[in-house]
J.: 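Here's a structure for you.
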Amino acid sequence: MMSVRGASARARRLLKLYPPTWRERYGDEFVDFMEQSIASDPHNAKRTANIIYKSGKVRLSELGIVGPTLNESRASKVALGTATFLASIFAVFALFYWSSAMISWNSNPEVATGVAVSIWMGAVTVSTILLSFTLLAFASAIGICSYSCRWYSSLWWRLSTRRISTRGGPSRAAESSGRGLARS
Amino acid sequence: VAIVPTQSDGLGKNPGVSALILTSLAGGEKHGYALVKDVADFSAVELQPGTLYEALARLERLGLIEALPSDDRRRPYRLTGAGATALSEHLATQRRVVKVGQSRLSQGWSFS
């Protein structure tokens, strides 16, 4: 049987796998849960693997890469920031390889005279520019979509609520207050 | 990119886990560990912590459950009216599947 102190330390170590916003919201109850879980079953590899996998997913969603973020008010900003960051990394690497190729091409007179090499370098230059513009357009699309999708979703939400209420089912207000289905 | 959940989302992703949690909370408010124990008792499914908190966050976001204020670390969760409606619809679908499955099995299969 593991001591309470040991279980608490392990629970807090596992909590650190999650991002700060998640820890702020679920941290205390997660530690409490884990302390009880570890006390009853100290060594459970399946449990640890599950936490590693799910915390990784939460971290990716907090970066705006997969799924919704915990704090939806900053989701658009995060998604746009991540897309811009990835686009910047690509631009830096693309520019590095392109400039290296150009320098080696220009500094070697024997290679520079080949027509095939000139065509190939031209193709590299054009494709690098095209890829950079594509990525820039992708980042912009994410930015625009993050706002327009919110607008579309809120419109759909209003329309679906109206449709449901005219069908004779419980209204959203009634559902959320629990009046639609009364507990006995 | 965050999409505001719509009514058509139902129980969201992984409806099996969501249905287990909602069924447990239909019996009364519970905190995380009590919820896992209850689910294990009535379904023999052992919910892992990462899966549980992922599902709780999703269900809370969809408005199907709500976290209640608590003075200590254990925060209880409660089923909302929308959650009860969603669970009821999900169970009705499951009942139809069970009925069709049993009917087809009884017609074409025999078990000794």
Side-chain angles (χ1 to χ4, degrees), chain A residues 14 17-18 22 25-37 40 44 46-47 49-55 57-58 64 67-70 72-76 78-80 142 145-146 149-150 152-154 156-157 160-161 163-164 169-170 172 174-183, chain B residues 1-9 12-14 17 22 25-37 40 46-58 60-68 70-89:
Chain A
L14 288 167
L17 294 171
Y18 285 93
W22 194 94
R25 167 64 184 82
Y26 295 103
D28 287 343
E29 56 183 299
F30 179 81
V31 169
D32 182 74
F33 178 98
M34 288 306 296
E35 281 173 3
Q36 293 176 78
S37 183
S40 64
N44 187 332
K46 193 177 170 187
R47 181 181 60 204
N50 177 264
I51 291 169
I52 291 169
Y53 171 61
K54 296 295 181 182
S55 61
K57 272 182 77 177
V58 173
T69 58
L70 204 60
E72 288 194 8
S73 61
R74 56 186 279 275
S76 310
V78 168
L80 192 60
I142 287 177
C145 190
S146 60
C149 282
R150 274 171 176 275
Y152 174 77
S153 297
S154 61
W156 170 246
W157 174 263
S160 61
T161 309
R163 190 183 66 204
I164 285 161
R172 192 182 161 218
E175 282 176 20
S176 58
S177 64
R179 278 179 283 139
L181 275 174
R183 276 193 67 196
Chain B
V1 178
I3 308 286
V4 177
T6 64
Q7 202 73 16
S8 61
D9 285 332
K13 283 182 186 174
N14 212 342
V17 172
L22 294 179
L25 292 179
E29 57 198 52
K30 290 178 192 71
H31 60 80
Y33 196 71
L35 208 154
V36 166
K37 287 287 170 202
E46 192 189 343
L47 286 178
Q48 297 296 331
T51 306
L52 171 74
Y53 279 97
E54 181 189 45
L56 287 176
R58 183 174 61 245
E60 205 179 353
R61 196 173 55 244
L62 291 169
L64 305 182
I65 62 169
E66 61 188 355
L68 299 172
S70 171
D71 292 333
D72 65 355
R73 296 187 303 174
R74 291 178 188 181
R75 193 195 298 251
Y77 289 90
R78 181 170 61 192
L79 190 69
T80 63
T85 306
L87 178 64
S88 173
E89 286 172 1

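Lettering of chains follows the sequences in order, A, B, ..., and the numbering in each one begins at 1.
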J.: Looking at A/Lys54 and B/Gly50, what are the two nearest heavy atoms and their distance?
T.: CG-C, 3.5 Å
J.: Examine whether an atom of B/Leu79 lies under 4.5 Å from a heavy atom of chain A, and if so say whether it belongs to the side chain, the backbone or both; otherwise answer neither.
T.: neither
J.: Considering all heavy atoms of both residues, which atom of B/Tyr33 and which atom of A/Ser40 are nearest to each other, and what is their separation?
T.: OH-OG, 3.2 Å
J.: Taking all atoms of both residues into account, what is the closest heavy-atom pair of B/Val36 and A/Phe33, and its distance?
T.: CG2-CE1, 3.5 Å
J.: Let's test your reading of the structure: which of A/Ser55, A/Ser37, A/Gly27 forms the most heavy-atom pairs below 4.5 Å with chain B?
T.: A/Ser37
J.: Work out which heavy atom in B/Arg73 is nearest to a heavy atom in A/Val31; give both atom names and the distance.
T.: NH1-CG1, 3.5 Å
J.: Compute whether any side-chain donor of one residue and acceptor of the other, for A/Tyr53 and B/Gln48, lie under 3.5 angstrom apart.
T.: no
J.: Can you tell me how far apart CG (B/Asp72) and CD (A/Glu29) are? Round to the nearest 0.5 Å.
T.: 10.5 Å
J.: Taking the side chain as C-beta and beyond, is there a heavy-atom pair between A/Arg25 and B/Arg75 under 4.5 Å?
T.: yes
J.: Among B/His31, B/Glu46, B/Glu54, which residue has the highest count of heavy-atom pairs closer than 4.5 Å to chain A?
T.: B/Glu54
J.: List the atom of B/Pro49, the atom of A/Phe30, and the distance in Å for their closest heavy-atom pair.
T.: CB-CE1, 4.2 Å
J.: Quick check: do B/Tyr53 and A/Val58 have side-chain heavy atoms less than 4.5 Å from each other?
T.: no
